[in-house]
> 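Below you will find the structure I want to go over with you.
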Amino acid sequence: MKKLINDPADVVADALRGMDAAHPELQVDHENRVVFRADAPVRGKVGIVSGGGAGHEPMHGGFVGLGMLDAACAGEVFTSPVPDQMVAATQGVDGGAGVLHVVKNYTGDVINFEMAAELVAAESGTEVVTVVTDDDVAVQDSTYTAGRRGVGVTVLLEKLAGAAAEEGRPLAEVAEVARRVNGQGRSMGMALTSCTVPAAGRPTFDLPEGEMEIGVGIHGEPGRRRVPLAPAREVAEMLVEPVLADLDLTGGDGVIAFVNGLGGTPLIELYVVYAEVRAVLEKAGVGVARSLVGSYMTSLDMAGCSVTLLRADEELLRLWDAPVRTPGLRWGV
Amino acid sequence: MSAVGTEQAAAWVQAFAERVAEQRDHLTELDSAIGDADHGTNLDRGMTAALAGLQATPPADAAALLKAVAMTMISKVGGTSGPLYGTFFLRMSTALGDGRPAEVAAAFRAGVDGVVARGKAEPGDKTMVDALLPAAEALTDAVGAGEPLDAALRSAAEAAARGRDAVTASVARKGRASYLGERSAGHVDPGAASAVLLVESAAALAGG
């Protein structure tokens with residue numbers, strides 16, 4: 001393992017120290033491992049809290065700031081944070097208008113946020129509404145399984161719900177925007193390499209030259225199937241087609257198209273993929289209203305990408321264009 | 001061993017922590033194949049913290065001891081294993097009573113029921129429940145049949161191992177392994193494997 005770290009056991013704490021030093025607009029509670037907006041709680045505004053295992057940077061801590069999250073809890077690498085952290089985050093962002101928990105659909109995240117919501121309800125009068133993201137079409141959705149994973153849509157949701165909260169809208173409306181975004185968005189990912197969890201010290205799985213994994217998540221776990229490496233043109237088809245098969249995206253106000261890097265893929269390749277994604281969408285009659293290309297939800301050093309398509313409407317586009325000022329996403333300010 | 005008191009509970013937790021430490025890399029390796037490569041690391045981190053907590057604040061009785069372990073698992077580990085093992089110890093602590101065999105069996109069962117309620121896994125989903133549930137049933141049956149606690153715990157450990165092995169061939173329906181679909185078949189479930197260590201630690205304590 002070759003990594004720019006000190007001790008594998010200290011990676012998360014050390015990174016939070018760096019984040020704290022680099023971003024005066026944030027405040028970091030190092031004991032609870034929570035990144036807050038420096039001006040939290042914002043009086044009268046719905047607070048938005050998310051969180052999850054570390055290793056997905058800039059998500060979630062990098063999305064804390066004006067127009068997006070009010071706080072983000074960091075767990076160990078690929079491990080959900082604990083309820084105590086979420087309680088501290090929730091109490092720290094409660095400006096009197098309630099708090100929205102944005103949770104990616106993984107058993108650990110769901111259980112820990114559920115326990116946190118129970119603790120908050122027992123300890124204080126803060127109203128908490130939880131929205132779980134589950135947009136990964138690589139995983140079959142069924143009541144008998146853990147359900148689809150929460151992946152790329154989470155980034156778009158945090159931006160859009162964040163903008164709605166910044167407008168001063170009540171908790172129920174902010175949660176409605178969040179649910180709508182999750183319902184209207186789908187994703188699919190692929191990997192060229194595995195990733196190395198610092199504490200494990202070696203790649204999670206072997207992926208030989210000339211092969212790729214289709215249908216991966218964001219935790220270095222293998223995907224649904226392994227296939228021979230193909231040109232970006234074909235990879236784009238393999239990612240977009242299952243999304244289109246799951247969700248009708250034709251007509252309307254077009255989509256927000258998001259090509260996300262998994263951490264080990266350079267931007268030049270993400271743009272190559274994006275061009276091919278656009279070509280596939282054009283052929284399918286799907287218009288693109290807004291685009292996002294870059295590494296926003298990573299899986300440590302995994303090479304690969306995911307494609308997320310979100311059916312937009314007038315309101316969502318307005319919220320998308322609203323100002324955002326976070327370490328990871330920044331425009332209009 | 002005729003009952004579970006503070007001493008026995010402490011020895012059990014200690015033994016489980018040792019087994020987890022010793023099997024840490026193996027558990028993580030199992031998790032690498034069908035999960036996210038952290039089960040051994042996380043469980044070891046939690047049990048190490050739990051032992052440290054017990055040393056810093058020695059609990060008054062067995063129930064308090066299990067509760068202390070539970071709170072550490074819930075507040076320090078995260079992921080899925082933290083809250084699930086935490087819930088197991090927490091529910092067990094509230095049902096332990098005087099630690100007589102029937103109470104131990106009922107407490108173990110309460111712990112397993114807590115895991116099922118919290119994690120929403122059912123038998124056959126290929127999770128820790130597939131080791132824990134048969135163990136709870138074996139323990140209850142053996143104690144009910146009048147077997148001494150030692151022998152009952154050995155039966156429970158054997159049932160846990162059989163439960164783990166019985167789902168190795170199947171496709172995972174819960175947890176991270178479920179995302180692999182058919183590809184999860186043929187792999188030992190890491191959660192079931194660590195749950196076997198938990199029951200085996202109790203059986204070893206009983207002299208098995």
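No experiment lies behind these values; they were computed from the predicted model shown. Keep in mind that the numbers below use all heavy atoms, side chains included, and drop hydrogens, waters and symmetry copies. Lettering of chains follows the sequences in order, A, B, ..., and the numbering in each one begins at 1.
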> For A:N105, is it the side chain, the backbone, both, or neither that has a heavy atom closer than 4.5 Å to a heavy atom of chain B?
backbone

> Measure A:R226 against the heavy atoms of chain B and call it side chain, backbone, both or neither at under 4.5 Å.
both

> With a 4.5 angstrom heavy-atom cut-off, is it the side chain or the backbone of A:V216 that approaches chain B, or both, or neither?
neither

> Taking non-hydrogen atoms and a cut-off under 4.5 angstrom, which of residues 78-110 of chain B neighbour chain A?
B:G78, B:G79, B:T80, B:P83, B:L84, B:T87

> What part of B:R183 gets closer than 4.5 Å to chain A, counting heavy atoms only: side chain, backbone, both or neither?
side chain

> What part of B:E182 lies closer than 4.5 angstrom to a heavy atom of chain A: side chain, backbone, both or neither?
neither

> Taking all heavy atoms of A:A200 and all of B:A37, pick out the closest pair and write down the distance.
CB-O, 4.1 Å

> Starting at CZ of A:F205, measure out to CG of B:L180 and round the result to the nearest 0.5 Å.
9.0 Å

> So, is the end of the A:R224 side chain (NZ or CZ) under 6.0 Å from the ring centre of B:Y179 and within 45° of the ring's axis?
no

> Contact between A:E76 and B:K76 at the side-chain level, heavy atoms closer than 4.5 Å - yes or no?
no

> Any residues in residues 4-28 of chain B near chain A, with a heavy-atom distance under 4.5 Å, and which are they?
B:R24, B:T28

> Calculate, to the nearest 0.5 Å, the distance between atoms CG and CE belonging to A:D84 and B:M71 respectively.
7.5 Å

> Pair B:K120, A:E114 - check salt bridge (Lys or Arg N to Asp or Glu O under 4.0 Å), show working.
CA-CA 13 Å; B:K120 300 181 181 70; A:E114 206 174 83; 3.7 Å; yes

> Got more than 12 heavy atoms from elsewhere within 6.0 Å of CG, A:D7?
yes

> For B:S155, enumerate each residue passing the side-chain hydrogen bond (donor to acceptor under 3.5 Å, both in side chains) test, keeping only those at least two apart in sequence or located in another chain.
none

> Does any backbone or side-chain atom of B:A33 lie under 4.5 Å from a heavy atom of chain A? Answer side chain, backbone, both or neither.
backbone

> Applying a criterion of heavy atom separation less than 4.5 Å, what residues of residues 38-49 of chain B form contacts with chain A?
B:D38, B:T41, B:N42, B:R45

> Restricting to non-hydrogen atoms, name the atom on B:S75 and the atom on A:V82 that form the minimum distance, rounded to 0.1 Å.
O-CG2, 3.2 Å

